[in-house]
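Each remark here refers to the structure printed beneath this line.
Proteins get letters first, then strands, A, B, ... in listed order; numbering begins at 1 in each.
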Amino acid sequence: MIEQNNAPDTTQTLPKAYDPQAVEGKWYRFWEEGGYFKPRPNNTRKPFVICMPPPNVTGALHLGHAITATIEDALIRYHRMLGDDTLWVPGEDHAGISTQTVVERLLAKEGTDRHKLGRDAFVGRVWEWVHQYKSRIQDQHRRLGVSCDWSRERFTLDEGLSKAVREVFVRLYEEGLIYRGERIINWCPQCMSAISDLEVNHVDTQGTLTYVRYPLKPLAGETGTRYISVATTRPETILGDTAIAVSPNDARYKEIVGRFALLPLLEREIPIVADEAVEAAFGTGAVKVTPAHDPTDFEIGVRHNLPRIQVIGFDGIMTAEAGPYAGLDRFEARKKVVEALQQQGAVTKIEEYNVPLGRCDRSDTIIEPLISKQWFVKMTPLATPALGALKYGQLKIVPERFNKTYMDWLENIHDWCISRQLWWGHRIPVWYCDACGQMTVSREDVTACAHCESVAIRQDEDVLDTWFSSWLWPFSTLGWPDVSEDLLRFYPTSVMETGYDIIFFWVSRMVMAGIHFLGTVPFDTIYLHGLVRDAKGEKMSKSKGNGIDPLEVIDQYGTDALRFTLATSSTPGNDTKLVSERILGNRNFANKIWNASRFVLMTTAEVGQGKLGVPGITDVQPHTLADRWILGRLARLTQNVTRLINEFQLGEAGRQINEFFWSDYCDWYVEIAKVQMQGDEEAKLATAGILRAVLDQSLRLLHPFMPFVTEEVWHYLYQMSVPNYELWPASALIIAPWPHANIAAFNDEAEQQFGLVQEVITRIRDARNQANVEPSRRIAVEMVVGAETPMFMAQSPLIEFLARTEKPRLHATLAQKPEQAMSLLAGSIEIYLPLSGLLDIGKEIGRLDKEIVQAQQEIARLHTKLGNQSFVAKAKPEVVEKEREKLAAQEERIGKLQARRAELGA
RNA sequence: GGGCGAUUAGCUCAGUCGGUUAGAGCGGCUGCUUUACACGCAGUAGGUCACAGGUUCGAAUCCUGUAUCGCCCACCA
């Protein structure tokens, strides 16, 4: 399964800097070809399954996909290492409107269009295009290191998923949940298609509110002309007015309800009606009613049986009904209408007004509400159970605050317009009969009418909304509607991980579909990550041109650096501003891992010959304080990281590993190991064992985040440690067991003592710096260490090496303090550095005074706190005790500082 | 109009049980070819935790309000 020579033979040949390009491709092939991405049955554990949100085949992956891929891959790799039966299903979305638009643009460049090509040829063209981009997306995902099961890859328009779509359409139709109706819908004149409410973006736009007065048709015997004024943001729609509506409670208009007004410009007689939808307090309290061009007006029209006059066409051009304005563009017509009204003196006022303009999500064109015959899904019966699933705990959303978003939307659900006037997509499985006029709705293609057997039938020209296939994703990808093995084994899935921006479009609809068609929520947890923004905080988008290509980042810094940055730059649900400094820093982290490993491999190479086995943490025994300390820290880290990943706190988990590895392991333990490796054989062996074991376990913890560098280094480690390592059951890090936290290794005493040693070393280093001691010079040091004498006797070689001192002279107590020496305090440990000639008494006094002031302030603070009776009485005893200890320590400290200060004189 | 989020060091961000002397990286400053790493090492400066109230022995953390920025939802013409 493994190539023996995947890694070079000797560690001597390892380059000084980690080169991602040199290793990433190699390991990805190794994993993929070795079958490591496939699930491995484990009867003792629940399967862990994620269905990848399918990217649109429209183009290249962007950083939003990269964050999705990173988080999901980290979860997947973690669960795989836990030994779960782990499956990650990849796929792509055919992305109806987007893809069709892109290809149409391509055709336009070639001087042709889809109508000239014809439907079949056009769809053929799109497929060609899709194949090309699909493989590009796959390659990009591979570069990101995603460990998904490519053998189960699906496409929303493939055969199986199309079957699922038909099954669902027919079932919902049979259940009465799909209907066809003439409704007012959002129409995009650019895409020339209906779109759903969700595909409309409301953008507040500065517009105008035009007040127009309509003369009332005089009653018999009435003298003088009465007027009624209305306000509108879309004056061109006046041409389609078929009524004026007022509030039924509006006293001002009570007597004229039932009368007629004369439509300016066209002189049409329109009735004045009373309707609840009208707010008396707004504007003039009277509303022009254009049932063909406004959703509210449409409703009013239904209630009052008003005619619908379509004056704006589906192409955005005024229709013949617009009379003299026919043939004009809708916005041109608006100008002309206002001019004409002004000439007539019908405009009483024009004021600035903020209008929430609806724009098409895809083309950004201003949408036009138009009446047309479309297919709809009745949503309330589907939404209610989806609401219950969250309410009754079958479903969990992380972070929790999105519960509200989800609930609010479901509680105010509207029917879903699912038909699109496009060619690219799942064609609606409905046939109309020219003979009997009936519809045949069928899972299979039909050639004759189911009602009259006539062959004069035509399939519905339209296709389904692209989300009509993706809302089935968690089960259609597993083989549904067939009762497949995968479906039984992996459904329901575990986590739906995606951006919070598609809760409505996708997530909530999947919940509805899962419950409705399979009776179970499709996943138990919804994890929503934030959006990736550019350095200015703007959302990345193709149109803005501020999108960053993940591959460029990868080329420059390596996949691990990008992944680690995406995983650790934010907290769940919060947006991430991607700044290059951070990626650079994480590239440096990858390099740090590489070099620390290089060191461990080199220094433990000889030691290991036959004597060091598998670098498992359970095989090593601590011999020194530093050993106990690092193993304790590692155990704690392991426990934290495991907990944090389980809670989806990937960022915090990653940060903690980084901190442990860089600070604790590299900066302290590895340096100390250099000292310990000078000892006898036993010491060498023990230290080498710990160096390797801690490295091994760190690599495991890090692997979900940085799969490449960890896998690379891990193989060197095992190659050296285990004879015939390629036969080792866990012959690759990707399937190496996730470590258990060795709770027995937790060691508060070692942490406390080692902390003291660290502080001593830091104080001496600082003093050297301040006194400008040449870095290479070894200085003498005397320490008064009291009860810690044995500990410091054991640790003094560390001080010598790390603080570059001579062998420290230790004293339990010291009556006569050294003169002509810098004096330092580390906790209660007194440190004296006799720096003859270098000591600046004035500076020394200044430093002491400063420290005394600090100590005094701290003591004052603690006194106040402990003097507070309610604190002592009400705070937890441990907290009070801790404060007392602090006070005692500070008092001891200030005593020593003041004594020293006195010795130095005024 | 309704809802949500953010506001912590010069910059980008952690701080998820209320108790730390409020942290990290980058940037700054001072040193360093200490043979794993200059993609590095050692040290160091830098904060009224947006503002105002409140709860509490104790608030960056909980509550209320305000401000600024951002996002989402929305058929008042």
Of the nucleotides [options], which one has an atom closest to the side chain of [X]?
X	options	result
K577(A)	C39(B), U12(B), C37(B)	U12(B)
K865(A)	U20(B), C13(B), A74(B)	U20(B)
R861(A)	U21(B), C39(B), A36(B)	U21(B)
A875(A)	A42(B), C37(B), C57(B)	C57(B)
K674(A)	U44(B), C37(B), A36(B)	A36(B)
F282(A)	C75(B), C37(B), A77(B)	A77(B)

Whole-Å distance between [N] [atom2] and [X] [atom1]?
X	N	atom1	atom2	value
E878(A)	G19(B)	CD	P	13 Å
W409(A)	G3(B)	CH2	P	21 Å
D408(A)	C72(B)	CG	P	16 Å
D204(A)	G70(B)	CG	P	13 Å
E299(A)	A77(B)	CD	P	16 Å
E400(A)	G5(B)	CD	P	12 Å
K404(A)	C71(B)	NZ	C1'	16 Å
D19(A)	C39(B)	CG	P	15 Å

Fill in: Secondary-structure string, 5' to 3', Watson-Crick or G-U under 3.5 Å, | for another-strand partners, for RNA chain B
(((((((..((((.....[...)))).(((((.......))))).....(((((..]....))))))))))))....
Discussion item. What's the separation between atom CG in L833(A) and atom OG1 in T805(A), rounded to the nearest 0.5 Å?
Written reply: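 The CG atom of L833(A) sits 9.0 Å away from the OG1 atom of T805(A).
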Worksheet entry | Rounded distance (nearest 0.5 Å) linking atom OG1 of T208(A) with atom NZ of K349(A) |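 Interatomic distance, T208(A) OG1 to K349(A) NZ, rounded to 0.5 Å: 13.0 Å.
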Side-chain donor/acceptor of [X] to base of [N], under 3.5 Å:
X	N	answer
K592(A)	C37(B)	yes
T296(A)	C75(B)	yes
E671(A)	A36(B)	yes

Fill in: salt bridge (charged side-chain N to carboxylate O under 4.0 Å, His left out) between E851(A) and R893(A), worked out
CA-CA 10 Å; E851(A) 281 189 55; R893(A) 181 181 157 79; 3.0 Å; yes
Base, sugar-phosphate or nothing for [X]? Non-hydrogen atoms, less than 4.0 Å.
X	answer
R234(A)	nothing
E652(A)	base
F504(A)	sugar-phosphate
V278(A)	base
N586(A)	nothing
T571(A)	sugar-phosphate
V879(A)	base
R643(A)	nothing
Y211(A)	nothing

Worksheet item: Taking for each residue the nucleotide of RNA chain B bearing the nearest heavy atom, is the 5' side occupied by V670(A) or by R401(A)?
Response: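 With V670(A) and R401(A) compared, the 5'-side residue is R401(A).
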Item to complete: Could you check R533(A) against E279(A) and say which one's nearest nucleotide on RNA chain B is further toward the 5' end?
Response: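 Whichever sits nearer the 5' end wins; that is R533(A).
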Quick one: is [X] getting a side-chain N or O under 4.0 Å of the [N] phosphate, OP1 or OP2?
X	N	answer
Y500(A)	G5(B)	no
R655(A)	A14(B)	no
K876(A)	G58(B)	no
T762(A)	A42(B)	no
R884(A)	G19(B)	no
K288(A)	A77(B)	no
R804(A)	U34(B)	no

Once you measure the plane-to-plane angle for [X] and [Y], does it fall in the parallel (<30°), tilted (30-60°) or perpendicular (>60°) bin?
X	Y	result
Y716(A)	W594(A)	perpendicular
Y665(A)	Y669(A)	parallel
F564(A)	F589(A)	tilted

Worksheet item: Yes or no on salt bridge (charged side-chain N to carboxylate O under 4.0 Å, His left out) for E659(A) and R655(A), after CA distance, side-chain angles and deciding distance?
Response: CA-CA 6 Å; E659(A) 197 197 326; R655(A) 284 187 288 270; over 6 Å; no
Please report the distance separating the [atom1] of [N] from the corresponding atom of [M], rounded so that it comes out in whole Å.
N	M	atom1	answer
U7(B)	C49(B)	C1'	10 Å
C73(B)	U56(B)	C1'	37 Å
C51(B)	C29(B)	C1'	33 Å
U20(B)	C62(B)	P	16 Å
U66(B)	G1(B)	P	13 Å
G3(B)	A77(B)	C1'	24 Å
G18(B)	A60(B)	P	13 Å
G10(B)	G47(B)	C1'	12 Å

Worksheet item: Taking atom NZ of K886(A) as the centre, does the number of heavy atoms from other residues, nucleotides or ligands within less than 6.0 Å exceed 12?
Response: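 Correct, the count exceeds 12.
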Worksheet entry | Distance under 6.0 Å and angle within 45° of ring axis: R765(A) vs W668(A) |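 Yes, R765(A) lies over the aromatic ring of W668(A).
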Discussion item. Taking the cut-offs as 6.0 angstrom to the six-membered ring centre and 45 degrees off its axis, would you call K674(A) and F599(A) a cation-pi pair?
Written reply: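 Output yes; distance and angle both within limits.
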Hey, what are the protein-to-nucleotides 25-33 of chain B N/O distances that come in under 3.5 Å?
none

Worksheet item: Is it true that the side chains of E351(A) and Y211(A) contain a donor and an acceptor less than 3.5 Å apart?
Response: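 Yes - a donor-acceptor pair under 3.5 Å links their side chains.
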Item to complete: Give a yes-or-no answer on whether the side chains of E299(A) and T296(A) include a donor-acceptor pair shorter than 3.5 Å.
Response: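 Looking only at side-chain atoms, T296(A) and E299(A) do not form any donor-acceptor pair under 3.5 Å.
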Discussion item. Is there a side-chain contact between R359(A) and H202(A) in this structure, where contact means two heavy atoms from C-beta onward sitting under 4.5 Å apart?
Written reply: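 No; the side chains remain at least 4.5 Å from each other.
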Worksheet item: Would you say I185(A) and F298(A) make side-chain contact, with heavy atoms under 4.5 Å?
Response: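 A side-chain contact under 4.5 Å is absent here.
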